[in-house]
Each structure stands twice: as C-alpha cells, then as structure tokens.
2 protein chains.
Amino acid sequence: MQVKKIMLLLLVLMVKQSIAQTGARPNIIVFLVDDMGWMDTSVPFADSIMPLNKRYHTPNMERLAADGVKFTNAYAQPVCTPSRTSMLTGMNAARSRVTNWTSPNKNVDSDAKDDQFEPLNWNRNGLSSKPGTDRTVYATPFPQLLKDAGYYTIQVGKAHWGAAGTPGANPYNLGFMVNIAGHSGGHPQSYLSEQRYGNMPGKAQMQAVPDLEEYYDTNTFLTEALTLEALKALENPIRRKEPFYLNMCQYAVHTPIMADPRFVQKYYNAGLDSIEAAYASLVEGMDKSLGDIMDYLQKKDVARNTIVIFMSDNGGLDHHQRGGAANTHNYPLRSGKGSVYEGGIREPMIVKWPGITRAGTTNAQPVMIEDFFPSILEMAKTARTELPQQVDGRSFVPLLRNPQALVTARPLIFHYPNKWINIPVGQEARFGINYYTAMRYGNWKLIYRMRTQSFELYDLSKDLREANDQAEGNKETVKKLALLLGKTLKERSAQMPVEKSTGKTVPYPGEKL
Amino acid sequence: MQVKKIMLLLLVLMVKQSIAQTGARPNIIVFLVDDMGWMDTSVPFADSIMPLNKRYHTPNMERLAADGVKFTNAYAQPVCTPSRTSMLTGMNAARSRVTNWTSPNKNVDSDAKDDQFEPLNWNRNGLSSKPGTDRTVYATPFPQLLKDAGYYTIQVGKAHWGAAGTPGANPYNLGFMVNIAGHSGGHPQSYLSEQRYGNMPGKAQMQAVPDLEEYYDTNTFLTEALTLEALKALENPIRRKEPFYLNMCQYAVHTPIMADPRFVQKYYNAGLDSIEAAYASLVEGMDKSLGDIMDYLQKKDVARNTIVIFMSDNGGLDHHQRGGAANTHNYPLRSGKGSVYEGGIREPMIVKWPGITRAGTTNAQPVMIEDFFPSILEMAKTARTELPQQVDGRSFVPLLRNPQALVTARPLIFHYPNKWINIPVGQEARFGINYYTAMRYGNWKLIYRMRTQSFELYDLSKDLREANDQAEGNKETVKKLALLLGKTLKERSAQMPVEKSTGKTVPYPGEKL
C-alpha cells in the first residue's frame, strides 16, 4: 500500500514535470504589419521623438515596447513578398530570387516594363513547399518545422507567399494548420464589411479577402475581423495546452487607404487631410489589434509564456497614393516603400519574451527579416534538420538574452533587380527606386545603382537621412564594400538585369573595380 | 534499484493504458454528399438491383457497403439546409424551424412567392452558435462537443449552415478547428479549376468556392481538390495521434451539373445525354473521393480505428435541370429533391465501424439525419452535457452493435411549410412539393397537404413507389396517424403557413378530425 502510494506520487511528479517541460516551449506570435513605416508609430525608433511620432497613436506598441526590447536597426526588403519569403525561409531575397511582389496570378510578372533592361526571370510565383514548381523558390518554411515539432500553427490575414495555381498560394502547404483570410492576394480589395472585403457579387477581384463571411454587413472593419478570428483560433491550442505559433498578418496599413471609422475622427480633428487621416486610423486600428491580442493572452493566462514579435515587411508608402506634403512620410528617413534608402527598408521591430527580454530596453544592433527563421526555431527549441534551402539569417536570440552580446559585422543585403513603378529615371535616382542593390555593413550603407553601375555611400551613424553621399571622398571604402557586396551577391547567386542594347548582364558591384 | 525498476515498469504500463484508452476513441468521418438520390449508385438499396444501379458506377461505395452495413430506410429532409442543421444539432427540422435552404445572404427568404399563403417567418438565417442571432436556431452542434472532448475537428467542402453576416456562416463557430471551402453558399459556382470554382474576377457570386487558389487553372475538378485538401488536413491529427472528426461534404452532385472530365466519357459511350452523362460523372467523381479517403486511412494505418458514415442530404433532383426522360431519376421512388415522397427524402446510407459493424450486412430499420447527433456522440464516448436544444434524434449505435436490436416505432417527420419552386398547383400535388408535412411510422407513410388539408396514406412495405393511396380505405389509420403527426408537430412547435385570405394558420394534421 505504501509502495503503491509512493509510486503514484512519483507518477504524478513525473507527469507534472513532463507538462512543465512542454510548457517551457514558449508560444510565439509574430505580429507582422503590411507597408508600415519606421515612423508610423508613437513609439520613437529614432534617437529622439520625431514629428511623426506625435501624429500617430499606437498605445499598444508603446506598451509592448515598455515590456520588451525595441530594435532600432531592424530591416526588411523594399517590398512585401521578398520580406515575407525571407521571414519564412531564412533566405535573403538575393538568394530566393523572390525579389519583387508576386502577382496573385501565376506566371504574371509584376515588374513594370523598362527601356533599358530585359524582363527578369525572377521567381515571380513566389515560395513553394514542393520542388520543381515553376518559377518558385523551394524551401521548408519554419512553421512546417514548428508544426512537426508539435506546435499548433496558425496563419491569420495576409499571406501573399505564392501565386494561385501553385502550392504557395495555400498556407496549409507552408506548415500552417489553420489559415484564415490568407491567400495569393497581397492587399485587401476593401477593408469594409459593407463591401464584404471586396467579395461583392460581380465585382470581386483576386484581392477580395476570403473566409470572413460571418462579418459581412456587420460594420466590422477588416482589421477587427481578423483580430476576432485570431482570438478564436488561439482558443484551440490554449485549451489543449499546446504551444502555438501565430502568424498574425494584418492587411493594414496597405492600400487601399480607407478610414477605420473607429479612429479616424481624431485625425480629422488634428487637421490631417482625408488620406492621411485615414492612414493614421489604419495604423491605430492595427495597434488595437495588437492590444486585443495581448489582452487576450493575459486573460487566458498565457502571456507569461508567449513571445510577441512586432514587425513590418517594408517601409511606408512615400511616393504615391499618400496625402500631405510630398515625400515626408518617413521623415527623417529618405524615401519609402520600394526604395533601398532607409525609408524603404528600416522597420519598427519590438520583441517581448517574458523572463528573457529586459523591459523597456533598446537594441541598436542591425537585424533583418531573414533572422526571424533561425531566431524563432531557437525560441521554440526546434531543430532545423535537413533543409532544402541555405539560411542566410542569423538568430537574434543571443541579443535578447544578453543585450551587450558582441556580434560580428555582417553584410545585410537589399536586392532589387526589378522595376517597381514607372517613374522618370531622374526620380528613380532621387528615391532609390528600381534596379538597385544595397548593403548595410556596420554603420556604412553602400548603394549600387544598376542602371549606371554607380555607387553611393552613407554613414548612417551621422547621416540617418542619407543626405550626404560620401562615395567621392571614400573611394577605398566604396571599393572594399563593393567587393563585399559583389561577393555576397555572387555567393547567393543573385540575379542582375540584362541590358537590352547589349544583351549583357549588369556586373555585380566590384566586378569592374 | 529494484523498486525504481518496478515503478518505471508501472509507469510505462499506465502510460500505455492511457494511450490505449485514448486510442479507443474512434476517429469518425461523415461523408455527406449533396443532392444525391437513393438510386444514384451501383449499390442497390432497394430489394433488388434496379436499372439506375446499373447506370451509375460507385465501386468505393460498393467497397464500403461490403465492409459495413447498408441502411435501406435512411432519411433526410427534402432539401439540404434543414438536413444539415438536423445532423449537426440532433433537432428535427419541425423543431429547428430551418425548414428550407438558407440564402447565402442574410434575411433573404428563399421561399418562392405564393398566392395562397403568407411568407413564413422561418429561421431563414440558419443555425447559430450564439443565442439571440436574428432568425436562426440556437444550438450546440456536436462538433463543438467533440472538439471540447479533444477531437480534432475538420470541415471540408459545403457547409451552408448559416447566412453571411451571422455566426453560422463560419464553421469555426460551429465547433470546427479547420475549415476548407465551407461557407454560406449552398452550391459551387463552378466545379472547374479553369473557372477558379467561380472566383473569376468580376464574375464571382456568393457561391464562388473559397480557399482553393492552389488549384486554380491546374485542371483539378472541385471534387478532387476537396479530397486533396481533406487528406492534407487529416495528416495533422494522425501525426499527433489525436482522434479526429472529419465532416467531408462534397459539393457534388449538386447543380450546376458539370461533367467531371475524368469519368464522363464512359457515360457518353453508354448513350446518356450530355446532362445525364455529366451527372453520372459527378457521382463517380464523388465516389472516387470516398475511395481515396479510405485508401489514405489504410495507408496511414488508422482505418481499423475509423468509423466511416456515408450519407446524402436529400433526394436526387428529378423535376428540373435533369436530362433523360422526365421524372425517372429516382425510380422506383416517386419524385425527388424538394418532395416529401420517398424520392425526396430516402437516402443512401452506409456505416462501417471496424470491429462493430458486420461486413456486408443490411439494416432496414428507419433511421434519420437527426440521429447522427446522438449516434456520433455515443461513438465518440462524448457526453452531451447541457444543451440549449432539445434533441429529437435517437442513436443508431445499438443497431450497429446488434442488428437484431428491437427498436420501438417512432414518428419520422418531414416538415416543409415552405415553397421550394414555382410550379402549377396540380404539379405540386403530383410531385409532393411545396407546403407538405409527412410522417413515416412503421411501414406507414402519412402525407398531409397543407394547401388542401388533405391526406395521403401509403404502405411502404408493399408500395415503395407510393403509387396507391390507401387513405380512402383506411380512415381510422389516417386519423390515428394524423393525430400522432399533429401531436408531434405541436410538441416541436412546428410552423404552419398562414392563409392570405383568412389570416388563419393551417391547422396541424388531426386538429380538425
């Protein structure tokens, strides 16, 4: 009898320990915003509070930053699909050859036509989980590894990883067990439930948001509907006491810039024009979603074991479809979405890992969207096993554990051998848009313009705005960095455009020096 | 040391037992076909092989029937949403007041206009998991109970439980953890991937099938795409060793009757016209889906612990949109979809429960779609707990365990106080369509025509075709049955239509006798 009791006690202890060990694998949420710029928040990511920080209201980002660590030098690619692919696969865009946004339709080149360069044979169908899919990069996304390791994996909102007619169009093929509203489309046809998020009979286009019929005509803004669905999906792993991964991808703040009626009035009152007021309301609606999710985690008592990572996929729009004064939308950063200037690539990033990150701290180490892959696997204690892809990202977990950790410099590559929009060549140069590749290395930023095979050089520690090109006076540095950039691109088999007139491929930077 | 060893052994045994207990909860698949008639199969459900059994090729149904038990007196309501609601809630349609098919749009009455009767205030928005939803029946569906009990619950294909703008439009609100292609729509806009299942830019209607972008333009027939998605979804609970419930709802064989190119040629060769050949190909494509799922269960070594239940939601179309000779499509049954005659309500039903059902047997006990609710909960060893709804269904599990089990007679109610289609009143009477209520009790079938408050009586044991009305010669039986039907309807608070001319509600059958 006594032995039996002891054995039972032992059993209970062992079971408890086993539960505790399972519990020790943290839940992870990536809250990924679309087209949100570095300045589109009341959280200052620059060294001081900027005017735009006063315009926007993001109290929940403030709350997350107060609880976690703010990365002030976090990067993504200039447009969305390359960033999203890098995040899921750990590959830099130069390697994935997903260098532009993918059309929802298969084999459609989203590049604008160009006089100087031939169309590029990039991976325009995006990411695929199956080898041999035409014009895709084949890779194993980390959600697949998390799922295999027992995580409950959920995708909510914008997916945009692959074109219709290919496996990447379906998040179920990329390791997600649940998908809500994610598909081949890269923006919502409408944010309004009264317009059924685009699903109007006879009017729906490929960007009509799927899966939200419950909210049709209920006066529920898209951002809110996605939040409600995310909470519904989270209920399952929480009830089952399983670790979860939530890929929370708000369609906001991507165009169409439509007013979120819950928040827009205050921005009208502040004197913003209708477009900018609508934009600010999209930002605040997105922020509410973040807050609702954090509240839910607390209510369900899982906040203390849940990592929340806030990120955006490229810089804020600056060049068109915006209101207010022209080209001020990411100030003090130069340019915006589509550009290799900081306005196009620097992102608001915040990480809260209860028990690990130190509340209210800042980290200025450069990190990048492809770092999410190894970081999240490390957080989840999940081995990479054999991967078809080579991972370029580096885990930022050591920086979370020890903010003073020494990290060796490495090249961060922004590769865009594509044509985003049709603008005059002079404007391209001014905005850093179309046919560029760039590298951040330490505080240096080297920019290579493919059209002219010319360089710009900026010292970001002194010139965040990239206003003073240092290339002329620092030829040795340019040469050294150009060789590094060229070597890195070559190693990653990066694509370069081909001159129509000569049929020759633009050389990698440094090849001609 | 010795004690430690014993304790470990004990632990292992206990864990094994616990796994075995969990494993003992069977997986359950309901394979629910849309608009499939009792004769749309090569499996004979009548006492002998009928001509239509020779027309259709359903080798996988044959396989399932050879392995399981065929219910030859299985019933549903005359149209789909009432049946689907009954299945999920255990409520008879008379009680749920979901007596007609729901429009995908909220508050839209799908009833045709009528000269004699006022529009009926039925639950036209369908089923809701939330109390107080306008014009819905509030109930807890069994998938919710299964989910709460640890089942991994999956919905694939047609849902059609509730209108857009209400919770029932979203299978996630009805207890499903995964939903693929189920929404408020009740039929597919197209079966063809080349027509993107209806999601053509500028042409999509509410019946465009969601979630299948992966298959656009890949020459994948809808039936096949849904099968592939179902197998993908099943992989998760199988890998996790969790019991699962799959609600596999093929959109086939509902209109639009489009040829499944994989199978249609043989039906052309057999001399069928293009519509009937297409219909037969839809049937065979649906059957392949069943076979692929059964093959997958075997491949994954879970077949021996998986119950498969085959069912349809109403009778086959007979009155319009069909080819061939008129009104022959459910022969020897009279009429078809929409009718209270056997052609509209008798369903092909097969159950295979490995280790329980006896291979290749037949059971002639009357069972009904609302019986699925208590039966599946019993199979899953899941308690009902407190339900907002009253359950009319009765478990057929005793019939599976013991085919000779004595069952007491009970009234099976088919209640249709609605107007399905606009046809001349004379045709309504001929086909048993619009404003009918009917009851099977033992071998008797009593039919009450609301328009005329008149009765028909058939003895199904002798007159399966319902050709010889026995009402005139059996007034006492009519009276007895009418009182029972009326009493049952009253008990279930069934709705009856209101005469426009008098404002009076049609009395329940028996009230005036």
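In the text below, chain A, chain B and the rest are named by the order of the sequence lines, each starting its count at 1.
Within 6.0 Å of NZ in A:Lys232 there are more than 12 heavy atoms belonging to other residues, nucleotides or ligands.
Listed options B:Gly182, B:Gly162, B:Gly202, B:Gly150 were ranked by heavy-atom pairs under 4.5 angstrom with chain A; first place goes to B:Gly202. The candidate with the highest count of non-hydrogen atom pairs below 4.5 Å against chain B, out of A:Gln205, A:Met177, A:Glu229, A:His183, is A:Met177. With chain B as the partner, the residue from A:Pro171, A:Pro210, A:Ala169, A:Pro201 showing the most heavy-atom pairs under 4.5 Å is A:Pro201.
At a 4.5 Å heavy-atom cutoff, the contact between B:Glu235 and chain A is made by side-chain atoms alone. Residue B:Ser184 touches chain A through both its backbone and its side chain, counting heavy-atom pairs closer than 4.5 Å. B:Ile180 touches chain A through its side chain: at least one heavy atom from C-beta onward sits under 4.5 Å away, while N, CA, C and O do not.
B:Gly165 and A:Thr218 get closest at one heavy-atom pair: O-CG2, 3.7 Å. When all heavy atoms are compared, the tightest approach of B:Asn179 to A:Tyr172 is O-OH, 3.8 Å. Between B:Asn105 and A:Arg196, the closest heavy-atom pair is OD1-NH1, 2.7 Å. Counting all heavy atoms, side chain and backbone alike, B:Arg239 lies closest to A:Lys147 at NH1-O, 3.1 Å.
Residue A:Tyr152 holds its OH atom at 9.0 Å from CG of B:Asn236, rounded to the nearest 0.5 Å. A:Arg240 contributes atom CZ, which lies 4.0 Å from atom CD of B:Glu242 (distance to the nearest 0.5 angstrom).
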Item to check | Candidate pair A:Glu213 and B:Asn170, rule side-chain hydrogen bond (donor to acceptor under 3.5 Å, both in side chains), full reasoning | outcome: CA-CA 7 Å; A:Glu213 291 187 5; B:Asn170 187 350; over 6 Å; no
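The side-chain heavy atoms of B:Glu214 and A:Asn173, taken from C-beta on, include a pair separated by under 4.5 Å.
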